[in-house]
Amino acid sequence: MDSAHDSVHWDGAVNAWQIAGDVYRMGRHEWVTEAGWRQMFDDGVRTVIDLRADRERTSRDTDPQVPEDVKARIAVVHCPTEDPDHSRFSELFGPYLKDPEQYADYLQLFAEKVAAVFKAIAASPGKVVVHCSAGRDRSGVIALMLQRLAGYTDEEIISGYELAARGINERHRTHGAPHEHDPYLTEAELEALLTQRRTSLGAFLDALDPERYLSAQGVTGPELAAIRSKAGGRGAATMQS
């Protein structure tokens, strides 16, 4: 059994990690270079699920140019997990989702949208990459639900969150101007933040039943079976590190 949370080396991909089995996570797909798209395809990726809202899906001057025929070999499915114009969005999440203590409200407010992501995973041929902007929270919500369905322990799930938080923090250290809402943190600052967020995430996981949640939103038994198969579902007693 492969270790959980193996990093992935597709050229240009930021904060890219294996979630479980044949499902991966990362930051913006626009960061991936032509070589990186070819590497994803060669590794068996056939679907990229973009979790961002419409207005986030824009290219930047610093993004690499990738020929359309290279990208076309991998389906990019737009499946946003949120509506940032919802009347309660700013009240509950501020400028964006950024803390595990917000996850329960997020799943309640956008249940139908989150379920649609899992339906897309179930329907996807080959390996799947889910991504948001930073590759931390929206992709993190999908990742932790998928890992729970696949039989990962809370410790493994929390470790995955921490790796993603550290990954995007390192990106903020080395690229561009300081982020308006998410600046680079020193190791001491980051560890203090992660201490609080590990606790929040643990409390969230204690109350999480992803199968019941997804079933209530119309994800069928066969779809759940397909998701578990794609995630390499395993019993907690058989897990290896």
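This one's a predicted model, so the numbers in the text were calculated from it and none came from an experiment.
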Given the rule in the side chain to side chain donor-acceptor pair (under 3.5 Å) test, do D137 and Y103 qualify, once you have shown the distances and angles that lead to the verdict?
-> CA-CA 9 Å; D137 289 293; Y103 287 1; 2.6 Å; yes
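- With a 6.0 Å radius and a threshold of 12 heavy atoms from other residues, nucleotides or ligands, E91 has its CD atom above the threshold.
- In this pair, F89 and F110 present their aromatic rings tilted. The plane angle is within the 30 to 60° band.
- The only option from R52, R55, R88, R138 that meets the salt bridge (Lys or Arg N to Asp or Glu O under 4.0 Å) definition with E82 turns out to be R138.
- Taking all atoms of both residues into account, the shortest heavy-atom contact from Q102 to Y96 is OE1-O, 4.2 Å.
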Are I74 and T47 close enough, and set up right, to give a side-chain contact (heavy atoms from CB on, under 4.5 Å), and what steps lead you there?
-> CA-CA 5 Å; I74 298 175; T47 307; 5.6 Å; no
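- Under a cutoff of 6.0 Å and an axis angle of 45°, R171 and W31 form a cation-pi pair.
- Heavy atoms of other residues, nucleotides or ligands lying less than 6.0 angstrom from CD of Q108 number 12 at most.
- Between the side chains of Y24 and D43, no donor-acceptor pair is found at a separation under 3.5 Å.
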Show your reasoning for whether side chain to side chain donor-acceptor pair (under 3.5 Å) applies to E156 and S159.
-> CA-CA 5 Å; E156 287 181 299; S159 174; over 6 Å; no
side-chain contact (heavy atoms from CB on, under 4.5 Å) assessment of V45 paired with D22 = CA-CA 8 Å; V45 174; D22 288 343; over 6 Å; no
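- Proximity of E34 to Q65: side-chain heavy atoms (C-beta onward) are nowhere separated by under 4.5 Å.
- Between E211 and R228, the closest side-chain pair of non-hydrogen atoms falls below 4.5 Å.
- Of all heavy-atom pairs spanning A111 and Y213, the tightest one is CA-OH, 2.9 Å.
- Stacking of R46 on the aromatic ring of F41 is recorded, both the 6.0 Å distance cut-off and the 45° axial limit being met.
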Just do the side-chain contact (heavy atoms from CB on, under 4.5 Å) check on F93 and D99 with the steps written out, would you?
-> CA-CA 8 Å; F93 315 117; D99 191 319; over 6 Å; no
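- Contact detail for R148 and L208: the closest heavy-atom pair is NH1-O, 3.0 Å.
- In this structure, the side chains of D105 and L109 stay at 4.5 Å or more apart for every pair of heavy atoms.
- Remark: I227 CD1 to I121 CD1 distance equals 6.0 Å, nearest 0.5 Å.
- Considering CG of L193 and CD of E191, their distance stands at 9.5 Å, rounded to 0.5 Å.
- Pairing each heavy atom of H9 with each of Q39, the nearest pair is O-OE1, 3.7 Å.
- At a threshold of 4.5 Å between non-hydrogen side-chain atoms, the residues R57 and V76 count as touching.
- The shortest heavy-atom contact between L224 and L214 is CD2-CD1, 4.1 Å.
- Between atom CG of residue D42 and atom CZ of residue R38 there is a gap of 8.5 Å, rounded to the nearest 0.5 Å.
- Shown here for H131 and S139, the closest heavy-atom pair between the two residues is CA-CB, 4.4 Å.
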Take S133 and R28 through the test side-chain contact (heavy atoms from CB on, under 4.5 Å) and record every step on the way to the result.
-> CA-CA 5 Å; S133 180; R28 301 172 66 248; 4.1 Å; yes
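- Comment: K113 does not engage D83 in a salt bridge, judged by the lack of any side-chain N to carboxylate O separation of less than 4.0 angstrom.
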